[in-house]
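I have a structure here, written as structure tokens, and I will follow up with some questions on it.
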2 protein chains.
Amino acid sequence: MAETRARKPRADALKNRALLIDAAKEVLGKGGPNASLEAVAQRAGVGIGTLYRHFPTREDLFHTVFRQEMEELADIADSLRGSPDPLEAIRHWLHSNVAFVETKRGMLGALSIVMTDESKRTYADLSGRVTSAVNDILARGRASGQIRDGITAEDLLQTMYALCYARQPGPDWKSQVLRLLDIFVDGLAPTAQPTNGSNPARA
Amino acid sequence: MAETRARKPRADALKNRALLIDAAKEVLGKGGPNASLEAVAQRAGVGIGTLYRHFPTREDLFHTVFRQEMEELADIADSLRGSPDPLEAIRHWLHSNVAFVETKRGMLGALSIVMTDESKRTYADLSGRVTSAVNDILARGRASGQIRDGITAEDLLQTMYALCYARQPGPDWKSQVLRLLDIFVDGLAPTAQPTNGSNPARA
DNA sequence: CAGTTATACGGAGGATGCCTCCGTTTATCA
DNA sequence: TGATAAACGGAGGCATCCTCCGTATAACTG
């Protein structure tokens, strides 16, 4: 056992870490995922070595920044748990996400890094909150016959981010994304149309 | 007016340009959009200066490579013009696109560059062929009541690329993308479900 | 075919960014 | 008030970007 009593983390380390995260939000949010990390360090007022000590890889920095942003989205999902109309709750939640993304456009590029690889592990807790809340709503939608079987919270997130990501900033960005997203949500209904040619289908 | 009679382009220039495009297909297709351009020049067996003379920016190179790949997709769209079931034709075309994208995974990153900015102008002709064919199919779908109003070819492309792009390579990549895409296609039906909460809906 | 010239070639080199390494500084603890 | 573990900063080696310009050569001309 020995003494596991570690020394308290140094105050300057904590402060610099926070400074770096703030700087990263700004610089990466503006310059996209290829922004210079030296610029981030400079904006934070620390040396480049300090940045790399705290965040050994570019991904580490993205993950940390992104986690902070995501907490808010998890809260929204929670707040919609008891909503009376599940399908509209889903729609509302997705729209909120889009609105949120809208303000962080520059971070979009980072999504391709963040939403991939082993982010499941990195975001297990947050992801759990969101997934649980959304799946809860989906289950109620299935029960009420509004939503087909086999849809997961991940499907929704995936599609939403995909649509946000693919569309370049522009005057009609949001309305276009929402329009396509609504079509997708409409498609969540139980076989709105026979899904594939092989099905005899009702006349 | 003077003499606009220009000199014939030099043979070596044409040859090197072709070599560069081939090399770019390979190197960019493998290494993604951040692959080294010097590696492209090296593989083509030309100097880096030659590469930059032909393609002043990274985007220029992407555009050129991509255009060649896209011709094939335009052909598929054309071939589906006369298909008897418009909605299934749409589905089929989208699936073909996904299959095509699957073989060029490395190019996916380039899409964010290619599909954005002023690509309308760069691809006006190709885009015209695709758009015209797909819109033709869409129109027939509207006429037969299978497809709602207001859907454009661009909507479909946008969504498909978005879904392809957002999902990381993996064993189930294709099936997942196709599943989400099918949901979207189902959503193309005229208000499969009342689009917004205000409608009383049928019991 | 030889001379002229427009055009293209190649790669050196300055600029920038990545990341590592290590001598110096400083916060914590006794 | 020391001792020391922890953190700091930035120099420096390496890679890539892109420009610039002296050299080479294909296309034209007589």
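Note: hydrogens, waters and symmetry copies are ignored here, and every other heavy atom, side chains too, is used. Order of the sequence lines sets the chain letters (A, B, ...), proteins ahead of strands, with each chain counted from 1. Here the structure is a predicted model, which is why all the values come from computation and not from measurement.
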**Prompt:** Quick one: is C/dA8 close enough that its OP1 or OP2 comes under 4.0 Å of any side-chain N or O from B/T50?
**Reply:**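 Answer no for this pair, as no side-chain N or O of B/T50 is under 4.0 Å from OP1 or OP2.
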**Message:** I want to confirm an ordering. Mapping B/G47 and A/R53 to their closest nucleotides on DNA chain C, which one lands closer to the 5' end?
**Reply:**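 This one resolves to B/G47.
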**Asked** A/D155 side chain to A/T152 main-chain N or O, any donor-acceptor pair under 3.5 Å?
**Response** yes
**Message:** With nearest nucleotide decided by heavy atoms, which residue, A/V46 or B/I48, maps closer to the 5′ end of DNA chain D?
**Reply:**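 Its nearest nucleotide being more 5', the pick is A/V46.
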**Request:** State whether B/R10 places a side-chain N or O below 4.0 Å from either non-bridging phosphate oxygen (OP1 or OP2) of D/dT25.
**Result:** no
**Message:** Is a donor from one side chain sitting under 3.5 angstrom from an acceptor on the other, for A/H54 and A/D60?
**Reply:** no
**Message:** Tell me whether the side-chain N/O atoms of A/H54 come closer than 4.0 Å to OP1 or OP2 in D/dA7.
**Reply:** no
**Message:** Any salt bridge linking B/D75 with B/R129? Criterion: basic side-chain nitrogen under 4.0 Å from a carboxylate oxygen.
**Reply:** yes
**Prompt:** Start at the 5' end of DNA chain C and walk down; is the nucleotide closest to A/G49 or to A/A39 reached first?
**Reply:** A/A39
**Request:** Measure from CG on A/L14 to P on C/dT26 and round the result to the nearest Å.
**Result:**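 Computing the A/L14:CG to C/dT26:P distance gives 17 Å.
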**Prompt:** Which part of the nucleic acid, if any, lies within reach of B/A35 when heavy atoms closer than 4.0 Å are counted: base, sugar-phosphate only, or nothing?
**Reply:** sugar-phosphate
**Request:** Indicate yes or no: at least one non-hydrogen side-chain atom of A/E88 is less than 4.5 angstrom from one of A/L80.
**Result:** no
**Request:** Return the value, rounded to whole Å, for the distance between atom OH of B/Y52 and atom P of D/dC21.
**Result:** 18 Å
**Message:** Distance check needed: D/dA6 C1' versus A/R17 CZ, whole Å only.
**Reply:** 15 Å
**Message:** Nearest whole Å is fine: how far is C/dT16 P from A/N34 CG?
**Reply:** 17 Å
**Request:** Select from B/P9 and B/L37 the residue whose nearest nucleotide in DNA chain D is closer to the 5' end of that strand.
**Result:**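 Residue closer to the 5' terminus by nearest nucleotide: B/L37.
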**Prompt:** Quick one: A/E38 CD to D/dA11 C1', roughly how many Å, whole number?
**Reply:** 12 Å
**Message:** Without decimals, in angstroms, what is the distance between A/Q42 CD and C/dC18 C1'?
**Reply:** 15 Å
**Asked** Below 4.0 angstrom from OP1 or OP2 of C/dA27, is there any side-chain N or O of A/R7?
**Response**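 No, because none of the side-chain N or O atoms of A/R7 sits under 4.0 Å from OP1 or OP2 of C/dA27.
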**Prompt:** Quick one: is D/dC8 close enough that its OP1 or OP2 comes under 4.0 Å of any side-chain N or O from A/N16?
**Reply:**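 Answer is yes, contact under 4.0 Å.
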**Item:** side-chain N/O A/S36 vs C/dT16 OP1/OP2, d < 4.0 Å
**Value:**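 Checking A/S36 against C/dT16: no side-chain N or O falls below 4.0 Å of OP1 or OP2.
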**Message:** Looking only at side-chain N and O atoms, does B/Q146 offer a donor or acceptor that is under 3.5 Å from a partner on B/S144?
**Reply:**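 Short answer, yes.
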**Message:** Nearest whole Å is fine: how far is C/dT25 C1' from A/K15 NZ?
**Reply:**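 Going from NZ in A/K15 over to C1' in C/dT25 covers 13 Å.
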**Asked** How close or far is atom C1' of D/dG9 from atom CG of A/L19, stated in whole angstroms?
**Response**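 After rounding, the gap between these two atoms is 15 Å.
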